[in-house]
Amino acid sequence: MAAFLGVGGSVMTVPLMRRRGIEMSRATAMANPLSLPVALAGTATYVALSATSTPAFGPWHVGYVDVRAAAALVVGSRIGIRVAALWIGRIPDRIHAKVYLALLIVVFGAMVVR
């Protein structure tokens with residue numbers, strides 16, 4: 001479901017762990033490793049779906065996957081991980097949870113508008 005929606009696995013697991021009483025920093029830390037397999041499965045699916053047709057999106061595409069966008073996401077993720085590591089444990093749990101929810105709402109809104 002997460003790959004279909006274009007989001008990482010933590011969107012599904014963090015709210016579940018929060019309902020079980022796990023603090024936000026621990027819930028996000030445990031859920032983040034799920035993002036890589038979800039991203040790889042989603043990418044492989046979009047490449048496989050293009051095998052039955054011949055999309056002509058240009059030279060920077062492998063099937064339906066834009067290689068430049070994938071590279072930008074990888075670089076941005078690495079930078080984000082480094083920056084976020086400085087803040088982990090310093091943000092109060094209640095604020096962390098509210099900011100996480102706000103980000104989910106913004107992403108949902110962007111998906112609806114597009």
Side-chain angles (χ1 to χ4, degrees):
M1 178 61 91
F4 174 72
L5 294 172
V7 296
S10 65
V11 171
M12 306 289 186
T13 56
V14 169
L16 174 66
M17 286 189 264
R18 289 291 293 170
R19 292 188 125 211
R20 296 291 186 179
I22 297 174
E23 62 202 36
M24 194 64 184
S25 60
R26 184 172 291 200
T28 55
M30 290 191 301
N32 278 340
L34 294 175
S35 296
L36 181 61
V38 168
L40 292 175
T43 302
T45 300
Y46 280 108
V47 169
L49 286 173
S50 69
T52 58
S53 64
T54 54
F57 294 120
W60 287 98
H61 285 79
V62 176
Y64 297 120
V65 178
D66 185 339
V67 177
R68 293 174 295 184
L73 287 170
V74 168
V75 170
S77 296
R78 296 286 296 168
I79 293 169
I81 289 168
R82 294 287 182 193
V83 172
L86 301 173
W87 291 85
I88 292 177
R90 295 183 182 172
I91 300 173
D93 189 63
R94 176 174 251 151
I95 293 172
H96 192 170
K98 288 182 180 181
V99 169
Y100 187 83
L101 179 61
L103 285 172
L104 289 179
I105 291 169
V106 167
V107 169
F108 176 73
M111 291 174 71
V112 168
V113 170
R114 290 216 109 199

Of all heavy-atom pairs between [X] and [Y], which one has the smallest distance, and what is that distance?
X	Y	result
Val47	Val65	CG2-CG2, 3.7 Å
Val14	Ala31	CG2-CB, 3.6 Å
Ser50	Gly63	OG-CA, 3.0 Å

- Item | Met24 and Ile91, any side-chain heavy atoms less than 4.5 Å apart |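 Side-chain contact under 4.5 Å: no.
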- Residues clustered with Leu16, ILVMFWY side-chain links under 4.5 angstrom: none
- Pairs in or reaching into residues 79-98: which pass salt bridge (charged side-chain N to carboxylate O under 4.0 Å, His left out), with residues at least two apart or in two chains? Arg18-Asp93
- Query: How would you list, by chain and number, every residue that makes a side chain to side chain donor-acceptor pair (under 3.5 Å) with Asp66, sequence neighbours excluded?
  - Reply: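 Once residues adjacent in sequence are excluded, Asp66 has no partner under the side chain to side chain donor-acceptor pair (under 3.5 Å) criterion.
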Single-linkage hydrophobic cluster [X]~[Y], side-chain heavy atoms < 4.5 angstrom:
X	Y	value
Trp87	Tyr100	no
Trp60	Leu49	no
Val99	Leu86	yes
Val83	Leu73	no
Val62	Phe57	yes

- Is atom CZ of Arg78 surrounded by more than 12 heavy atoms (other residues, nucleotides or ligands) closer than 6.0 Å?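 Open.
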